[in-house]
Amino acid sequence: MSDRTAEAISAGMSAQIEEMRKNVDFEAKARKILSQKPLLSARNVVVTFSLRGNKLTAIRRTSLDLYEGETLAIVGESGSGKSVFTKCFVGMLDKNGSITSGSIMYEGQDLTQLNEKGWLNIRGKKIAMVTQDPMTSLNPLKTIGKQIQESVELHRGMKGKEAREEVYRILEAVGIPDPKRRYRQYPHEFSGGMRQRVVIAIAVACRPQILICDEPTTALDVTIQAQILDLIRRLQKEQNMSIIYITHDLGVVANVADRVAVMYAGQIIEIGMANEVFFHPLHPYTCALLSALPQLGVKGEKLPAIDGTPPNLFNKIEGDAFAPRNRRALNIDFLEEPPSYEATATHMVKSWLQDPRAPKVELPTAIQRLAEKTENKGTDPNAKHPHMDPNRETLIEVKDLQVTFGSGRKKFVAVDHVNFEIYKGETFALVGESGSGKTTIGRAIVRINPVTNGEVFFRGEKVSGKISKEMDEKVIRSMQMIFQDPMASLNERAKVDYIVSEGLINYHLYKDEHERQDKVQKALSEVGLLPEFSSRFPHEFSGGQRQRIGIARSLIMEPQFIVADEPISALDVSIRAQVLNLLNDLKKSRGLTYLFIAHDLSVVRFISDRIAVIHKGRIVELAEAEELFFHPLHPYTKALLSAVPNPNPYVERNKKLLVYDPSVHHYENDAPVWTEILPDHFVYGNEPELDGYRKELNL
């Protein structure tokens, strides 16, 4: 990006945001909320679980009001109590959990006193829930139509043809085309985004007053996520629902929430209007969550990660639960739980920093920037760009790669005519929607997936197809992979010691047992895990720790090149920052080169040197990271970028979502070609399209 472009963007930013503020009037929403009585009111709720004879207090004296027609987001790390708290509103606590004190008032009755028969009149009919994983919510043996119809028949008294017609209408309402055909299909015949729409259809079929959405977009691509959020917003207006979002994605919160509640260790520690929480956070934990966002980071510098881990809720918590992780904790934070302070009529926080006697603390730099500038602060001027080095060394070269699955009529071309180079020391990112071929390319490079056509070279030597045993061992030692789901890729019956050293054992890369253990300890230490962790099993770790085990397993082989396949997609914001910092630190200390596969472009922008955009097995654009963000050319790239969540609520709600339509291309008589339209900026298109791109760039 040129200095002139950066200055122009920066100069116009303040005026744009002021205009956006007029379109999103949080003050008017606050006045409306304050003039109402709560629709649902939880007071001093305590939830405990009995596990292996021990008592875990998951929710600790927590209160919350929900108002008619509002959207309330509850955010926090995994284990903070978000889902447990809201499950109390629909009577869906696990059988070993119970509400031991407090009340939840709704329509004049205390929901904590209801038996299962009483819940039948509330759950689904008046308060409904959309769960995180649609596949676990849907019966694989029943058609989609029947599953929605069951809800309609149970709660709305419709039968037969009338109920079926209502299901057709609901399917259309949630954006599923051809409802009569889809009615007869099973869950496995739907994509992830379509399955999520079905779960939403079941939840809204009874026109509930309150809809609880538990991480409804976590596993979805940014484009599908944006569509689902738009869908829920439209249904909310049509049915006048109040919505509770449970999420750890602050971009989603900026998009949808009127108010935001921040949970930590079973308590709501801050709650306020979205603009208050995003621009004027008062609790150190809220500040830490926002600061850890890659969108607010500086490429080449570390993200401000949160130290430590959440407290063990089996133990009694003294003082402020966040104090052990708070670098600016006061002495009183360790001794006494803070009371609730009212900053404004709509903004409450539990923090001793709001006491008149407490020292004044400035907001972190990242949050001070948030309201003023919506893009990354930029790039560290001292950061190195390996791809720009005139003496750069090509580590990986992919030539005309094709990967197919199946044969005959069932043959599926997953990757076709893919060409790129990865230079030593760089992070090369592959982005695209699910099913675009990203993981297939990564697996083909490390020889997990066989190559149908084309070639892959490592340091100038061919490593695809049939190669010698010696070369195969060299590839395994030199190229490793970090998998997306750490739990699925770790042997749950093996201890960490064996998991990490399995490669050493298989290829006899140690002299004796003492050396093997030394290598395991060194690898664990390098990824920030303690030596004693080697004797534990994977299920005894958090998601972030399991991902670190996966990274240690790849590092122990001392590779030169690592394929990181969606390594942070399932992680909390704070843990995500830790893993990104770790990957960057290892890159510097070990001289590693990464192929970073992701669908979250905000993360990709922060960590990568160059980005390749892939659609249905073909790379459509490739450029330096900042160049791609400021000068996207291909319509698919523009659609992806338009859907990237922005942590500024005003910007997020005013953005225009672009939908990619492949029919805009006319390749029947004029075939597309892979062209370097600017130095190191490649795009796929035919001559008329390339002429249009040149005009966009003023060439």
Side-chain angles (χ1 to χ4, degrees), residues 18 20-45 61-76 82 85-86 88-89 102-111 126-127 208-213 232-233 236-247 250 252-263 267-283 286 290 338-351 353-356 363 367 370-371 648-650 652-654:
E18 278 308 310
M20 291 169 179
R21 286 177 189 271
K22 296 174 185 176
N23 298 333
V24 185
D25 193 347
F26 283 112
E27 289 73 19
K29 290 178 180 177
R31 288 193 296 272
K32 182 180 177 183
I33 286 170
L34 291 170
S35 67
Q36 298 180 31
K37 285 186 177 180
L39 180 64
L40 179 145
S41 184
R43 284 289 172 271
N44 298 313
V45 175
R61 303 178 310 282
T62 297
S63 301
L64 178 72
D65 289 329
L66 180 70
Y67 296 91
E68 184 179 336
E70 79 160 330
T71 300
L72 171 70
I74 303 178
V75 301
K82 307 184 298 292
F85 188 39
T86 50
C88 297
F89 304 163
S103 63
I104 303 172
M105 300 304 297
Y106 174 69
E107 291 191 339
Q109 58 183 329
D110 187 350
L111 301 184
K126 295 185 176 179
I127 306 176
Q209 205 171 12
I210 299 171
L211 180 66
I212 301 169
C213 299
I232 295 173
R233 187 184 290 109
Q236 179 184 23
K237 287 180 181 177
E238 289 174 2
Q239 301 188 19
N240 192 32
M241 291 185 292
S242 298
I243 293 183
I244 299 175
Y245 272 95
I246 302 165
T247 182
L250 292 165
V252 170
V253 175
N255 184 293
V256 300
D258 299 319
R259 287 193 303 147
V260 181
V262 182
M263 282 196 81
Q267 286 191 335
I268 290 177
I269 48 98
E270 183 166 3
I271 185 168
M273 301 302 294
N275 60 329
E276 293 174 324
V277 173
F278 274 90
F279 300 137
H280 306 288
L282 299 175
H283 198 284
T286 312
L290 288 164
S340 293
Y341 291 91
E342 199 175 83
T344 70
T346 53
H347 196 178
M348 180 280 293
V349 65
K350 285 172 69 71
S351 170
L353 286 175
Q354 297 309 303
D355 191 282
L363 287 174
I367 297 170
L370 180 58
N648 184 317
Y650 297 112
E652 176 66 14
R653 294 175 198 212
N654 281 277

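Each residue takes its place number in the sequence, starting with 1.
Annotation: side chain of V262 is not in contact with side chain of I271 (no heavy-atom distance under 4.5 Å). Proximity of I127 to L40: side-chain heavy atoms (C-beta onward) are separated by under 4.5 Å at one or more points.
Considering only residues two or more places apart in sequence or on other chains, A343 meets the side-chain contact (heavy atoms from CB on, under 4.5 Å) condition with L282, H347. The salt bridge (Lys or Arg N to Asp or Glu O under 4.0 Å) search around K350 returns E337, not counting sequence neighbours. Under the side-chain contact (heavy atoms from CB on, under 4.5 Å) criterion, A257 pairs with A73, V253, V260, R653, not counting sequence neighbours. Residues satisfying the salt bridge (Lys or Arg N to Asp or Glu O under 4.0 Å) criterion with E276, sequence neighbours excluded, are absent altogether. A search for side chain to side chain donor-acceptor pair (under 3.5 Å) contacts involving D258 returns K29, not counting sequence neighbours. With sequence neighbours excluded, the residues forming a ring-ring contact (aromatic ring centres under 6.0 Å, His included) with F89 are F85, listed by chain and number. Contacts of K32 classified as side chain to side chain donor-acceptor pair (under 3.5 Å), with partners at least two apart in sequence or in another chain: none. For D110, the salt bridge (Lys or Arg N to Asp or Glu O under 4.0 Å) criterion is met by no residue, not counting sequence neighbours. For T86, the side chain to side chain donor-acceptor pair (under 3.5 Å) criterion is met by no residue, not counting sequence neighbours. Judged as a salt bridge (Lys or Arg N to Asp or Glu O under 4.0 Å), and not counting sequence neighbours, the contacts of R43 are D65. The side chain to side chain donor-acceptor pair (under 3.5 Å) search around Y341 returns D355, not counting sequence neighbours.
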Original post:
Is there a side-chain contact (heavy atoms from CB on, under 4.5 Å) between Q109 and M105 once you walk through the steps?
Top reply: CA-CA 6 Å; Q109 58 183 329; M105 300 304 297; 5.7 Å; no
Original post:
Between I33 and E70, is a side-chain contact (heavy atoms from CB on, under 4.5 Å) present by the stated rule, with each step listed?
Top reply: CA-CA 8 Å; I33 286 170; E70 79 160 330; 3.6 Å; yes
Subject >> Candidate pair Y67 and K37, rule side-chain contact (heavy atoms from CB on, under 4.5 Å), full reasoning >> reply: CA-CA 7 Å; Y67 296 91; K37 285 186 177 180; over 6 Å; no
Original post:
side-chain contact (heavy atoms from CB on, under 4.5 Å) between F278 and Y650: does it pass, once the steps are laid out?
Top reply: CA-CA 10 Å; F278 274 90; Y650 297 112; over 6 Å; no
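Pairing each heavy atom of K82 with each of V75, the nearest pair is CD-C, 3.6 Å.
M241 contributes atom CE, which lies 6.5 Å from atom CD of Q236 (distance to the nearest 0.5 angstrom). Here the CG atom belonging to N275 is positioned 12.5 Å from the CZ atom belonging to R259, to the nearest 0.5 angstrom. Note that CD1 of I104 and SG of C88 are 5.0 Å apart. Values are rounded to the nearest 0.5 Å. Summarising the geometry, atom CG belonging to L353 is positioned 8.0 Å from atom NE2 belonging to H283; distances are rounded to the nearest 0.5 Å. From L211, atom CG reaches atom CD1 of I244 across 9.0 Å, with rounding to the nearest 0.5 Å. Rounding to the nearest 0.5 Å gives a distance of 10.5 Å between OG of S340 and CD1 of I269.
Without hydrogens or angle criteria, T346 side chain to M273 main chain gives no donor-acceptor distance under 3.5 Å. Judged by distance alone, with hydrogens and angles left aside, the side-chain atoms of E270 form no donor-acceptor pair with the main-chain N or O of V277 at under 3.5 Å.
The closest side-chain donor-acceptor pair between N240 and Q209, if any, does not fall under 3.5 angstrom.
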